[in-house]
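Heads up: the structure comes next, in C-alpha coordinates.
Counting begins at 1 with the first residue of the sequence. When reading the values below, keep in mind they use all heavy atoms of this one structure, side chains included, and skip hydrogens, waters and symmetry mates.
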Amino acid sequence: MQQKKVYISFFGTMTIKNEYGIITEQDINSNQMKKLIAYLVLNRKSLISADILTAILWPQGNDDPYTALRGLVFRLRKLLKPVFPDDDFIVAKNGSYIINPIFDLVVDAEQLYVISKYKISTTGAKAFLDNSCYPFIESLANDIWGLPVCTYYNSRLITYICTVISKMIEDDDYDDAVKYATKGLVIDHMSEKLHLLIIEALAKKGCRQLAVKHYKNTITMFQNEYGITPTKQFLSSKYRIFNSEEV
(Lines give C-alpha, C1' and ligand atoms only; values in the text may rest on other atoms or scores of the structure.)
Protein backbone atom coordinates (compact mmCIF):
# COMPACT_ATOMS: atom_id res chain seq x y z
CA MET A 1 0.00 0.00 0.00
CA GLN A 2 1.33 3.41 -0.96
CA GLN A 3 1.95 5.68 1.99
CA LYS A 4 -0.11 8.84 2.29
CA LYS A 5 1.85 12.11 2.34
CA VAL A 6 1.54 14.39 5.35
CA TYR A 7 3.43 17.68 5.57
CA ILE A 8 4.47 18.84 9.02
CA SER A 9 5.80 22.32 9.79
CA PHE A 10 7.58 23.05 13.07
CA PHE A 11 9.43 26.24 12.13
CA GLY A 12 7.21 29.19 12.93
CA THR A 13 3.79 27.81 13.75
CA MET A 14 2.96 24.12 13.77
CA THR A 15 0.87 22.95 10.82
CA ILE A 16 -0.25 19.51 9.70
CA LYS A 17 -1.32 19.33 6.07
CA ASN A 18 -2.45 16.60 3.69
CA GLU A 19 -4.80 16.12 0.76
CA TYR A 20 -7.84 16.72 2.99
CA GLY A 21 -6.78 20.08 4.37
CA ILE A 22 -4.68 21.69 7.07
CA ILE A 23 -4.65 21.86 10.86
CA THR A 24 -2.89 24.93 12.26
CA GLU A 25 -1.35 25.71 15.63
CA GLN A 26 -4.35 27.93 16.33
CA ASP A 27 -6.63 24.93 15.76
CA ILE A 28 -4.59 22.81 18.16
CA ASN A 29 -4.39 25.57 20.80
CA SER A 30 -2.88 23.28 23.43
CA ASN A 31 0.78 23.12 24.41
CA GLN A 32 0.32 19.55 25.64
CA MET A 33 -1.08 18.46 22.27
CA LYS A 34 1.71 20.27 20.41
CA LYS A 35 4.31 18.61 22.62
CA LEU A 36 2.73 15.19 22.06
CA ILE A 37 2.66 15.69 18.28
CA ALA A 38 6.24 16.98 18.17
CA TYR A 39 7.62 14.14 20.28
CA LEU A 40 5.84 11.40 18.35
CA VAL A 41 6.67 12.91 14.96
CA LEU A 42 10.37 13.43 15.72
CA ASN A 43 10.62 9.91 17.20
CA ARG A 44 8.20 8.22 14.84
CA LYS A 45 10.43 5.23 14.05
CA SER A 46 9.99 4.04 17.61
CA LEU A 47 7.02 2.81 19.58
CA ILE A 48 6.85 5.20 22.55
CA SER A 49 5.67 3.82 25.87
CA ALA A 50 3.03 5.55 27.95
CA ASP A 51 5.63 5.88 30.73
CA ILE A 52 7.91 7.97 28.50
CA LEU A 53 5.06 10.11 27.18
CA THR A 54 3.62 10.86 30.61
CA ALA A 55 7.09 11.84 31.86
CA ILE A 56 7.50 14.16 28.84
CA LEU A 57 4.02 15.65 29.08
CA TRP A 58 3.80 16.01 32.86
CA PRO A 59 7.36 16.32 34.19
CA GLN A 60 6.03 17.69 37.50
CA GLY A 61 3.76 14.69 37.90
CA ASN A 62 0.06 13.97 37.44
CA ASP A 63 -2.42 12.30 39.79
CA ASP A 64 -3.57 9.90 37.07
CA PRO A 65 -1.10 10.25 34.15
CA TYR A 66 -2.27 7.26 32.09
CA THR A 67 -5.89 8.37 32.10
CA ALA A 68 -4.74 11.91 31.28
CA LEU A 69 -2.66 10.58 28.37
CA ARG A 70 -5.54 8.54 26.96
CA GLY A 71 -7.79 11.58 27.23
CA LEU A 72 -5.23 13.80 25.48
CA VAL A 73 -4.81 11.30 22.62
CA PHE A 74 -8.61 10.99 22.30
CA ARG A 75 -9.04 14.77 22.05
CA LEU A 76 -6.18 15.05 19.57
CA ARG A 77 -7.63 12.34 17.32
CA LYS A 78 -10.98 14.14 17.39
CA LEU A 79 -9.29 17.43 16.49
CA LEU A 80 -7.40 15.82 13.60
CA LYS A 81 -10.38 13.86 12.27
CA PRO A 82 -11.25 16.40 9.50
CA VAL A 83 -7.87 15.80 7.82
CA PHE A 84 -7.55 12.15 8.85
CA PRO A 85 -11.09 10.88 8.21
CA ASP A 86 -10.13 7.28 7.40
CA ASP A 87 -7.15 6.44 9.61
CA ASP A 88 -6.01 7.77 12.97
CA PHE A 89 -2.81 9.83 12.84
CA ILE A 90 -1.72 8.37 16.21
CA VAL A 91 -2.25 4.69 16.96
CA ALA A 92 -1.90 2.75 20.20
CA LYS A 93 -0.20 -0.64 20.52
CA ASN A 94 -0.12 -2.49 23.85
CA GLY A 95 -0.18 0.71 25.88
CA SER A 96 2.38 2.48 23.69
CA TYR A 97 1.88 5.06 20.95
CA ILE A 98 3.28 5.73 17.49
CA ILE A 99 2.50 7.80 14.40
CA ASN A 100 0.48 5.59 12.07
CA PRO A 101 3.08 4.07 9.67
CA ILE A 102 0.71 4.33 6.70
CA PHE A 103 1.59 8.03 6.61
CA ASP A 104 4.75 9.32 4.92
CA LEU A 105 5.74 12.43 6.86
CA VAL A 106 7.62 15.34 5.27
CA VAL A 107 8.93 17.42 8.18
CA ASP A 108 10.48 20.84 7.56
CA ALA A 109 13.00 20.47 10.42
CA GLU A 110 14.20 17.16 8.98
CA GLN A 111 14.55 18.58 5.47
CA LEU A 112 17.61 20.42 6.79
CA TYR A 113 19.40 17.06 6.91
CA VAL A 114 18.70 16.51 3.21
CA ILE A 115 19.25 19.94 1.71
CA SER A 116 22.42 20.54 3.72
CA LYS A 117 24.08 17.60 1.96
CA TYR A 118 23.78 19.05 -1.53
CA LYS A 119 25.43 21.95 -3.27
CA ILE A 120 23.62 25.13 -2.34
CA SER A 121 21.15 26.43 -4.89
CA THR A 122 20.16 29.90 -3.72
CA THR A 123 16.89 29.66 -5.66
CA GLY A 124 15.89 26.48 -3.84
CA ALA A 125 17.26 27.82 -0.55
CA LYS A 126 15.17 30.97 -0.80
CA ALA A 127 12.04 28.89 -1.38
CA PHE A 128 12.81 26.83 1.74
CA LEU A 129 13.70 29.84 3.88
CA ASP A 130 10.64 31.81 2.79
CA ASN A 131 8.55 29.08 4.44
CA SER A 132 10.85 27.97 7.24
CA CYS A 133 13.04 30.88 8.37
CA TYR A 134 11.33 31.09 11.76
CA PRO A 135 12.06 29.80 15.28
CA PHE A 136 11.20 26.18 16.07
CA ILE A 137 7.78 26.12 17.82
CA GLU A 138 8.41 28.89 20.33
CA SER A 139 5.70 27.69 22.72
CA LEU A 140 7.86 24.63 23.51
CA ALA A 141 10.96 26.65 24.38
CA ASN A 142 10.00 26.99 28.06
CA ASP A 143 9.47 23.25 28.45
CA ILE A 144 11.99 20.84 30.02
CA TRP A 145 11.90 18.62 26.94
CA GLY A 146 11.15 21.36 24.41
CA LEU A 147 14.00 23.75 25.22
CA PRO A 148 16.89 21.50 24.08
CA VAL A 149 14.88 20.41 21.03
CA CYS A 150 14.20 24.03 20.03
CA THR A 151 17.84 24.94 20.65
CA TYR A 152 19.07 22.06 18.50
CA TYR A 153 16.85 22.72 15.48
CA ASN A 154 17.27 26.49 15.67
CA SER A 155 21.04 25.98 15.70
CA ARG A 156 20.88 23.75 12.62
CA LEU A 157 18.71 26.29 10.84
CA ILE A 158 21.09 29.15 11.66
CA THR A 159 24.02 27.10 10.33
CA TYR A 160 22.12 26.49 7.09
CA ILE A 161 21.11 30.16 6.78
CA CYS A 162 24.74 31.24 7.20
CA THR A 163 25.85 28.82 4.49
CA VAL A 164 23.19 30.13 2.11
CA ILE A 165 24.03 33.77 2.83
CA SER A 166 27.74 33.14 2.24
CA LYS A 167 26.80 31.76 -1.18
CA MET A 168 24.61 34.82 -1.86
CA ILE A 169 27.53 37.12 -1.09
CA GLU A 170 29.75 35.08 -3.41
CA ASP A 171 27.10 35.62 -6.11
CA ASP A 172 26.96 39.40 -5.39
CA ASP A 173 23.36 38.99 -4.19
CA TYR A 174 23.85 41.46 -1.36
CA ASP A 175 20.26 42.60 -0.86
CA ASP A 176 18.97 39.06 -0.32
CA ALA A 177 21.98 38.29 1.88
CA VAL A 178 20.97 41.13 4.20
CA LYS A 179 17.29 40.17 3.97
CA TYR A 180 17.74 36.53 5.00
CA ALA A 181 20.42 37.30 7.59
CA THR A 182 18.01 39.77 9.18
CA LYS A 183 15.30 37.11 9.23
CA GLY A 184 17.78 34.73 10.83
CA LEU A 185 18.45 37.21 13.63
CA VAL A 186 14.82 36.78 14.71
CA ILE A 187 15.77 33.19 15.53
CA ASP A 188 19.06 34.08 17.22
CA HIS A 189 19.82 37.78 17.49
CA MET A 190 23.12 36.98 19.22
CA SER A 191 24.53 35.10 16.24
CA GLU A 192 27.84 36.84 15.55
CA LYS A 193 28.07 35.01 12.23
CA LEU A 194 24.80 36.51 10.98
CA HIS A 195 25.81 40.00 12.10
CA LEU A 196 29.16 39.61 10.34
CA LEU A 197 27.46 38.47 7.14
CA ILE A 198 25.20 41.53 7.19
CA ILE A 199 28.23 43.79 7.70
CA GLU A 200 30.13 42.05 4.90
CA ALA A 201 27.19 42.23 2.48
CA LEU A 202 26.67 45.94 3.19
CA ALA A 203 30.38 46.70 2.80
CA LYS A 204 30.66 44.81 -0.49
CA LYS A 205 27.53 46.52 -1.77
CA GLY A 206 29.29 49.83 -1.17
CA CYS A 207 27.25 50.86 1.88
CA ARG A 208 30.29 51.40 4.09
CA GLN A 209 28.60 53.75 6.54
CA LEU A 210 25.74 51.32 7.12
CA ALA A 211 28.23 48.47 7.53
CA VAL A 212 30.27 50.41 10.09
CA LYS A 213 27.08 51.40 11.91
CA HIS A 214 25.94 47.77 12.13
CA TYR A 215 29.40 46.72 13.35
CA LYS A 216 29.37 49.33 16.14
CA ASN A 217 25.71 48.73 17.03
CA THR A 218 26.37 45.00 17.39
CA ILE A 219 29.22 45.62 19.83
CA THR A 220 27.03 48.04 21.80
CA MET A 221 24.16 45.53 21.92
CA PHE A 222 26.38 42.77 23.30
CA GLN A 223 27.85 45.09 25.92
CA ASN A 224 24.71 46.94 27.03
CA GLU A 225 22.15 44.13 26.84
CA TYR A 226 24.27 41.18 27.91
CA GLY A 227 27.33 42.69 29.58
CA ILE A 228 29.70 40.78 27.33
CA THR A 229 32.21 41.64 24.64
CA PRO A 230 32.01 40.03 21.19
CA THR A 231 34.69 37.45 20.40
CA LYS A 232 38.11 38.41 19.07
CA GLN A 233 37.06 36.95 15.72
CA PHE A 234 34.19 39.42 15.49
CA LEU A 235 36.23 42.40 16.66
CA SER A 236 39.09 41.64 14.29
CA SER A 237 36.72 41.29 11.33
CA LYS A 238 37.10 45.03 10.70
CA TYR A 239 40.58 44.40 9.27
CA ARG A 240 39.18 41.89 6.79
CA ILE A 241 35.95 43.69 5.91
CA PHE A 242 36.99 47.34 6.13
CA ASN A 243 40.75 46.92 5.72
CA SER A 244 41.17 49.52 8.42
CA GLU A 245 41.63 49.95 12.16
CA GLU A 246 39.66 53.20 12.14
CA VAL A 247 36.22 51.75 12.76
Side-chain angles (χ1 to χ4, degrees), residues 2-46 48 53 56-57 69 71-92 97-116 123-143 145-161 164 179-180 182-188:
Q2 186 176 3
Q3 289 183 302
K4 303 175 183 180
K5 288 280 188 185
V6 180
Y7 298 89
I8 310 286
S9 171
F10 287 142
F11 289 125
T13 60
M14 177 185 286
T15 59
I16 303 172
K17 183 171 67 173
N18 63 12
E19 61 182 317
Y20 292 102
I22 184 170
I23 297 292
T24 68
E25 189 167 337
Q26 288 70 32
D27 297 322
I28 299 169
N29 196 29
S30 161
N31 283 340
Q32 294 296 79
M33 285 188 184
K34 286 184 281 187
K35 195 193 309 187
L36 177 61
I37 293 168
Y39 192 88
L40 289 176
V41 166
L42 295 174
N43 297 278
R44 62 186 177 280
K45 293 184 179 180
S46 302
I48 310 299
L53 287 177
I56 291 291
L57 292 166
L69 177 59
L72 187 67
V73 172
F74 174 80
R75 294 195 302 274
L76 182 55
R77 284 173 174 163
K78 184 177 180 181
L79 174 70
L80 296 176
K81 196 67 176 176
V83 294
F84 296 99
D86 303 319
D87 303 281
D88 286 327
F89 184 58
I90 298 172
V91 293
Y97 296 85
I98 192 171
I99 298 296
N100 195 329
I102 70 168
F103 297 116
D104 177 21
L105 272 54
V106 179
V107 183
D108 59 354
E110 295 172 351
Q111 285 184 294
L112 283 170
Y113 294 107
V114 179
I115 60 180
S116 297
T123 300
K126 289 175 186 178
F128 177 81
L129 292 178
D130 284 339
N131 293 319
S132 303
C133 194
Y134 304 97
F136 192 93
I137 318 174
E138 289 186 284
S139 58
L140 297 185
N142 295 322
D143 180 80
W145 171 76
L147 178 58
V149 172
C150 292
T151 301
Y152 172 73
Y153 283 106
N154 285 340
S155 176
R156 287 192 61 91
L157 181 56
I158 291 295
T159 298
Y160 178 71
I161 294 169
V164 172
K179 170 187 172 182
Y180 287 101
T182 302
K183 290 185 71 172
L185 288 176
V186 175
I187 301 168
D188 180 8

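Note on residues 12-35: no pairs pass ring pair (Phe, Tyr, Trp, His ring centres under 6.0 Å), not counting sequence neighbours. Sorted by first and then second residue, the pairs that involve residues 20-34 and meet salt bridge (Lys or Arg N to Asp or Glu O under 4.0 Å), not counting sequence neighbours, are E25-K34.
Shown here are the salt bridge (Lys or Arg N to Asp or Glu O under 4.0 Å) partners of K35, two or more places apart in sequence or in another chain: D143. Under the rule for a side-chain contact (heavy atoms from CB on, under 4.5 Å), the partners of Q26 that lie at least two apart in sequence or sit in another chain are T13, T24. Scanning for side-chain contact (heavy atoms from CB on, under 4.5 Å) contacts around Y153 gives F11, L42, A109, Y113, F136, V149, with sequence neighbours left out. Applying the salt bridge (Lys or Arg N to Asp or Glu O under 4.0 Å) rule to D188 yields no partners; only residues at least two apart in sequence or on another chain are considered. Take D87 and apply the salt bridge (Lys or Arg N to Asp or Glu O under 4.0 Å) test, not counting sequence neighbours, and it matches K4. Residues satisfying the side-chain hydrogen bond (donor to acceptor under 3.5 Å, both in side chains) test with T15, not counting sequence neighbours, are none. Every residue meeting the salt bridge (Lys or Arg N to Asp or Glu O under 4.0 Å) condition with E110, not counting sequence neighbours, appears here in chain and number order: R44.
Panel note: side chain S155, backbone T151; no donor-acceptor pair is recorded below 3.5 Å. Side chain of D108 to backbone of F10: a donor-acceptor contact under 3.5 angstrom is found.
Annotation: side chain of L140 is not in contact with side chain of Y39 (no heavy-atom distance under 4.5 Å). Side-chain contact check for L40 versus L53: some heavy-atom pair is nearer than 4.5 Å.
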Expected list for residues 72-80: side-chain donor-acceptor pairs under 3.5 angstrom, two or more places apart:
from: R75; atom 1: NH1; to: G71; atom 2: O; distance (Å): 3.4
from: R77; atom 1: NE; to: I90; atom 2: O; distance (Å): 3.0
from: R77; atom 1: NH2; to: I90; atom 2: O; distance (Å): 3.0

Identify all side-chain donor-acceptor contacts of residues 97-105 below 3.5 Å with residues at least two apart in sequence or on another chain.
from: N100; atom 1: OD1; to: I102; atom 2: N; distance (Å): 3.2
from: N100; atom 1: ND2; to: D88; atom 2: O; distance (Å): 3.0
from: D104; atom 1: OD2; to: K5; atom 2: NZ; distance (Å): 2.8

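Summarising the local packing, NZ of K17 is surrounded by 12 or fewer heavy atoms from other residues, nucleotides or ligands at distances under 6.0 Å.
Among all heavy-atom pairs drawn from C133 and I187, the shortest one is C-CD1, 4.0 Å. Here the shortest heavy-atom pairing between I28 and I23 reads CG1-CG2, 3.9 Å.
For the atom pair CG of N31 and OG of S139, the computed distance is 4.5 Å after rounding to the nearest 0.5 Å. For the atom pair CG (L129) and CG (L157), the distance works out to 6.5 Å, reported to the nearest 0.5 Å. Atoms CD1 and CG, on I161 and L185 in that order, are 9.0 Å from each other to the nearest 0.5 Å.
Relative to the ring axis of Y134, K183 places its NZ or CZ within 45° and under 6.0 Å from the centre.
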*When you look at V164 and Y180, which way does the side chain to side chain contact (heavy atoms under 4.5 Å, CB included) test go after all the steps?*
CA-CA 9 Å; V164 172; Y180 287 101; over 6 Å; no
*Carefully, step by step, assess R156 and Y152 under the rule side chain to side chain contact (heavy atoms under 4.5 Å, CB included).*
CA-CA 6 Å; R156 287 192 61 91; Y152 172 73; 3.3 Å; yes
*asked:* Walk me through whether N18 and F84 qualify under side chain to side chain contact (heavy atoms under 4.5 Å, CB included).
replied: CA-CA 9 Å; N18 63 12; F84 296 99; 3.6 Å; yes
